[in-house]
There are 2 protein chains.
Amino acid sequence: MLFGTNLDRAQRFNRRVVLETIRVNGPLSRADVARLTGLSAQTVTNIIDQFKPAGLLIEKPRRTGGRGQPPIDLVINPSAAFSFGISFDDRRLVVVLLDLGGEIRGQAELPVAHPTPGVILPLVEAAVNQLVSKTKISPELIWGAGVVMPVLVSQGHPTALGPSSVPDWQDFPVAEKLRERLNMPVFLDNDATAAAIGELLFGAGRQFSDFFYIYLGVGVGGGIIISSRPYRGAFGMSGEIGHMMSVPGGRPCPCGNKGCLERYVSLSAADAAFREQPETFAALDLDELYKGFETKNPRLMNWLDEAAEHLRNAIVSVENLFDPQAVILGGPVPDTVLDALIERIEPSLISVSHRQGNASSRLLKAETGLDSRVLGAASLAIFDSMTPDFSVLKKEAIEVE
Amino acid sequence: MLFGTNLDRAQRFNRRVVLETIRVNGPLSRADVARLTGLSAQTVTNIIDQFKPAGLLIEKPRRTGGRGQPPIDLVINPSAAFSFGISFDDRRLVVVLLDLGGEIRGQAELPVAHPTPGVILPLVEAAVNQLVSKTKISPELIWGAGVVMPVLVSQGHPTALGPSSVPDWQDFPVAEKLRERLNMPVFLDNDATAAAIGELLFGAGRQFSDFFYIYLGVGVGGGIIISSRPYRGAFGMSGEIGHMMSVPGGRPCPCGNKGCLERYVSLSAADAAFREQPETFAALDLDELYKGFETKNPRLMNWLDEAAEHLRNAIVSVENLFDPQAVILGGPVPDTVLDALIERIEPSLISVSHRQGNASSRLLKAETGLDSRVLGAASLAIFDSMTPDFSVLKKEAIEVE
DNA sequence: CTGATTAAATCCACTTATTGGATTAAAAGC
DNA sequence: GCTTTTAATCCAATAAGTGGATTTAATCAG
């Protein structure tokens, strides 16, 4: 439904525009911000004055060199706000504390045997409280927490298409329950979307406004960034690249179709190739698998070749459908595996992105590394508070501060 | 780049919100609009007063029945604005005059042998002038013209990946040249995107904010509507569903890959099946082909079965990637062909859109029919002037009225 | 038939963010 | 030491949305 806006909302929007412009474009003077945003210098001054009490911006000493009065450079104060990232599956729970600059300030990791809500929620609460007291950050600087778990998320709630490794969470109101316990805004998202947002804020996506993030994990998912915002689809389930048809009539998939990409390109598929057995859809021994990659196990090297073929076709489709600035490959796999895949895929990609004069590499490796998942989770709250989204103009939108 | 907004832009945005809300939601009182948009009743009154001089809105007699003072219903005046649609290929040129209600007020159709700019531009100018004088509409009510031709459009200019049926237009500044001749805003777009916008404004897409339009023509293209706006990709070439890989290692495609969907699902592919010959990539005899469909030619019926298979896989991928509210199938093909395809595809579609409780049909037939292309072209200017887009808030945005 | 009730539309004074022009400040150039 | 240039700020003006009060016009209850 459409909505109108007003003076209030417009300023809230402008505040975010100013903040995000400074965050992305490095040290910037008030005059620079005015030029970049189209706002008047006076307006920029006013808005920046509003940020001062919260300490969100740091003024650097006047920079000399050119003519005229030297500008005062502004940068984001990384210690002005914090966010928690929470990630778990059927093996472990990870909680990280991220600052506004994208640095990890604290981390807790716990083994988990039975990831039921009754077990996980208290553990999360304890870990968060412990991190707060250990790092001595003041609670009002915490903008929120993001949660990622191995489920699909539709309209804020966990859902699943096939069997799940965390079945107890189906339709459980995670965000609400955690909000009550932690007393801060809580966001739940798909792993791929969260990782894409993490990459957008702090990683390889920083330079792009439109990219497709491929999250290679136990399955394979996609996070879509359009106009510097996540696109979650009409029902929150977009980006399911793993269930694109890769081999007509191929391997059966729990989703009900045959030949889905995920059955060929995923850690689960790699594991099957490694063990020379069909996929079991049970918990994987990831350490074993990582070791196999490290020792260049021939079955895994073989799998890499095959996986690259399948993935290339999927990327061609993605490029042809989205025409993004880049496709970014990441997820909880060793860097060497990502490199190996990219090396095999890139040279022979033909799509609309193959345009003349486009010499730049279109398939990039994610920068957030093995922790992309939990870093993505942590970036959800920061993203929500900082982005000059359309919805900021809406009445229901949430206050930046 | 980010941009700020101001009071001025905010009102421009609100004006469009009010107008579009009334256009879509039928007769609405000022109070209704206030409730739907979140604007105050006073603001709605003010904005509607601004539209009165231009005659954009019509007040219907007070509606009685309920308690309280009866509301005054408002509807869009279809005769308050007009737009031209211009479409040509290597066979014919079509120019239509559309009103704000989506009705065709006038139409001109001319055969074309050599569609060079030198031939087409004067013909268009003459046709437009003739339609203006014949329908006696006043020139200041014309919001603009949209152009569609068989090329890909990237950043406002014609480009091509493979061979083109209108090679003389490569990188030709169509919009600029026509703007000079017609003295009105001119928009150039891909056929699929234009048809999708037409469907969004006046067709099956009216009820949706997120859908994928499949344009089945000589080739097959896709128009993406996200949040009620077209998504053209980072470089304007999104939606190229025709070059998704359908058969690994399959029929060679001029794009450089093998097994592209378009080599199996398109009028060109149908024609090849009809003639039992490989594709020639020369001009098709469409009338012959249409006749073949009408007489239920067995080779074409066979092609329908095969095409449906390929198209189904592509739609599964599209649904899994975009999670749209619907996929709409249209283009310059007989209704019976669209029906036949949908009938074969729909029942066995499995994707994330296959969610529980989603009984609604996900694959729909376009409503704009055979003329989807030129109607889409005509809707470009109307869309540009009416939609409460993000960009309206920008300094550079164009005035509504 | 009359007064109470309900809802729409408008009137009016007020608030507030942005703006544009003027002013001040601080450097470099000549 | 004066001029030029640029940044940042001061100040009065502008204009759109808001909230409360008022007017208008219908239905409902007695």
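Residue numbers start from 1 in every chain, and the chains themselves are labelled A, B, ... in the order their sequence lines are given, proteins ahead of strands.
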query = Does dA15(D) have OP1 or OP2 sitting under 4.0 Å from an N or O in the side chain of Q11(B)?
reply = no

inquiry  = For N183(A), is the CG atom crowded, meaning more than 12 foreign heavy atoms sit under 6.0 Å from it?
reply    = no

dT10(C) phosphate, OP1 or OP2, under 4.0 Å from T45(B) side-chain N/O = yes

task = Decide whether a cation-pi geometry holds between R23(B) and F51(B); the criteria are a distance under 6.0 Å from NZ or CZ to the six-membered ring centre and an angle within 45° of the ring axis.
result = no

request  = Look at the side-chain N and O atoms of S40(B) and state whether any lies under 4.0 Å from the OP1 or OP2 oxygen of dG17(D).
outcome  = no

message = Whether R229(B) engages the ring of Y231(A) as a cation-pi pair (distance to the six-membered ring centre under 6.0 angstrom, angle to the ring normal within 45°) should be assessed.
response = no

message = How many whole angstroms separate atom CZ of R15(B) from atom C1' of dG17(D)?
response = 14 Å

ask   = What nucleic acid atoms does Q42(B) come within less than 4.0 Å of, heavy atoms only: base, sugar-phosphate, or nothing?
value = base

task = Using atom CG of D73(A) as one end and atom C1' of dA8(D) as the other, report the distance to the nearest whole Å.
result = 14 Å

Separation of dC11(C) C1' from N46(B) CG (nearest whole Å) = 11 Å

key: Cation-aromatic face contact R232(B)/F187(B), 6.0 Å, 45 degrees   = no

message = Closest-nucleotide mapping onto DNA chain D: is D49(A) or L7(B) further toward the 5' terminus? I mean the 5' end.
response = D49(A)

Salt bridge R206(B)-E367(B), side-chain N to carboxylate O under 4.0 Å = no

ask   = With sequence neighbours left out, which residue pairs that include part of residues 68-80 of chain A fulfil the side chain to side chain donor-acceptor pair (under 3.5 Å) condition?
value = R62(A)-Q69(A), R63(A)-D73(A), S79(A)-R105(A)

ask   = Between atom CG in L393(A) and atom P in dA17(C), what is the gap in whole Å?
value = 15 Å

Output a table of nitrogen or oxygen pairs between the protein and nucleotides 1-7 of chain D separated by less than 3.5 Å.
residue	atom	partner	partner atom	Å
dT4(D)	O2	R67(A)	NH2	3.3
dT5(D)	O2	G68(A)	N	3.1
dT6(D)	O2	Q69(A)	N	2.5
dA7(D)	OP1	R35(A)	NH2	3.3
dA7(D)	OP2	R35(A)	NH1	3.4
dA7(D)	O4'	Q69(A)	O	3.1
dA7(D)	N3	Q69(A)	NE2	2.9

query = N14(A) side chain N/O closer than 4.0 Å to the phosphate oxygens (OP1, OP2) of dA17(C)?
reply = no

note = From CG of D8(A) across to P of dG17(D) the rounded distance in Å is 13 Å

query = Roughly, in whole Å, what's the span from CZ in R12(B) to C1' in dT18(C)?
reply = 15 Å

query = Between S40(B) and Q42(B), is a side-chain hydrogen bond (donor to acceptor under 3.5 Å, both in side chains) present by the stated rule, with each step listed?
reply = CA-CA 5 Å; S40(B) 70; Q42(B) 181 58 59; over 6 Å; no

key: Rounded distance in Å - CD1 (I47(B)) to C1' (dA16(D))   = 9 Å

key: Nearest-angstrom distance from the residue atom CD of Q50(B) to C1' of dG17(D)   = 12 Å

